[in-house]
Amino acid sequence: MKLTKVLPLLLAILAVAACQSPARNSSTSPGTTTVMTPNEATTKLRGLLDDAFSAITPALDYREGWPHATENEVPEGTANVALDRYVMTRVSSGKYGALLGLVERHWKERGYTIESVNTDATMPAIFARTSDGSALSLRVGYPGNITIGADVNPIEAAPNPFGPAPSQPTLPNGNPDILPTLDDPFWSH
């Protein structure tokens with residue numbers, strides 16, 4: 001077939017394809033994203049966090065925060081969902097490297113991409129991404145509070161998809177009480 005006969009046919013096919021939009025909730029069409037319900041997102045977040053904590057031995061005690069959504073610009077009408085767990089076991093600064101090493105190795109074994117590592121001696125952190133785009137982090141803050149968090153998307157954007165947050169423990173100054181208070185023979189010394 002001559003190029004002059006094929007070219008109009010190709011242009012017509014491309015024009016038709018451009019007019020079709022992929023299904024919003026289809027997980028099988030390339031370039032589309034499955035929109036989760038808030039319950040599905042929470043289940044996924046807890047699964048990611050449970051898996052991260054399973055890599056840490058001896059186990060650390062934690063207090064779970066409340067899931068919160070942040071609206072996306074793209075795709076419009078969707079939101080990311082994040083959930084943090086605050087480690088309530090005191091971890092001595094000399095054990096930060098061991099903790100981050102355990103979690104980093106575990107995430108690599110899972111096939112996650114380590115996106116960045118902050119090697120600061122007092123406030124180290126590690127950030128990873130799963131193959132489906134979910135994000136994970138382990139962050140050490142001041143004065144020794146440790147947070148392991150997960151972020152998934154998308155859900156449909158809504159004013160308050162998880163309902164009102166339950167009351168959380170606070171410090172006398174009103175800030176959230178995320179300071180570790182529990183002693184562990186291994187991690188705290």
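Hydrogens, waters and symmetry mates are skipped; everything else that's a heavy atom, side chains included, is used.
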Whether the side chain of [X] engages the backbone of [Y] through a donor-acceptor N/O pair (distance < 3.5 Å, no angle test) should be reported.
X      : Y      : answer
His106 : Ser54  : no
Arg46  : Thr42  : no
Arg90  : Gly144 : no
Asn72  : Pro75  : no
Thr89  : Asp61  : yes
Lys95  : Ser188 : no

In one Ile/Leu/Val/Met/Phe/Trp/Tyr side-chain cluster, 4.5 Å: [X], [Y]:
X      : Y      : answer
Leu100 : Tyr86  : no
Val152 : Phe53  : yes
Ile56  : Tyr96  : yes
Val103 : Phe186 : yes

Carboxylate-amine/guanidinium contact [X] [Y], below 4.0 Å:
X      : Y      : value
Lys108 : Glu104 : yes
Asp151 : Arg129 : no
Lys44  : Asp132 : yes

Taking side chain as C-beta onward, heavy atoms only, is [X] less than 4.5 Å from [Y]?
X      : Y      : result
Met36  : Thr78  : no
Leu99  : Val87  : no
Leu48  : Leu136 : yes
Val117 : Thr119 : yes
Tyr142 : Thr122 : no

[atom1]/[X] to [atom2]/[Y] distance, rounded to the nearest 0.5 angstrom?
X      : Y      : atom1 : atom2 : result
Asn153 : Ser134 : CG    : OG    : 7.0 Å
Thr37  : Glu156 : OG1   : CD    : 10.0 Å
Leu171 : Asn173 : CG    : CG    : 5.5 Å
Leu49  : Tyr62  : CG    : OH    : 8.0 Å
Ile148 : Arg139 : CD1   : CZ    : 9.5 Å
Arg110 : Ser131 : CZ    : OG    : 12.0 Å

Please report the shortest heavy-atom distance between [X] and [Y], naming the atom on each side.
X      : Y      : value
Trp187 : Leu102 : CH2-CD1, 3.9 Å
Met88  : Asp177 : CE-O, 4.3 Å
Trp66  : Pro166 : CE3-CD, 3.2 Å
Trp107 : Leu138 : CH2-N, 4.0 Å
Ala69  : Ile155 : CB-CD1, 4.3 Å
Met123 : Gly141 : SD-C, 3.8 Å

Can you see whether His189 engages Asp183 through a side-chain donor-acceptor pair at a distance of less than 3.5 angstrom? yes
What residue among Asn145, Ile146, Val91 forms side chain to side chain contact (heavy atoms under 4.5 Å, CB included) with Pro180? Asn145
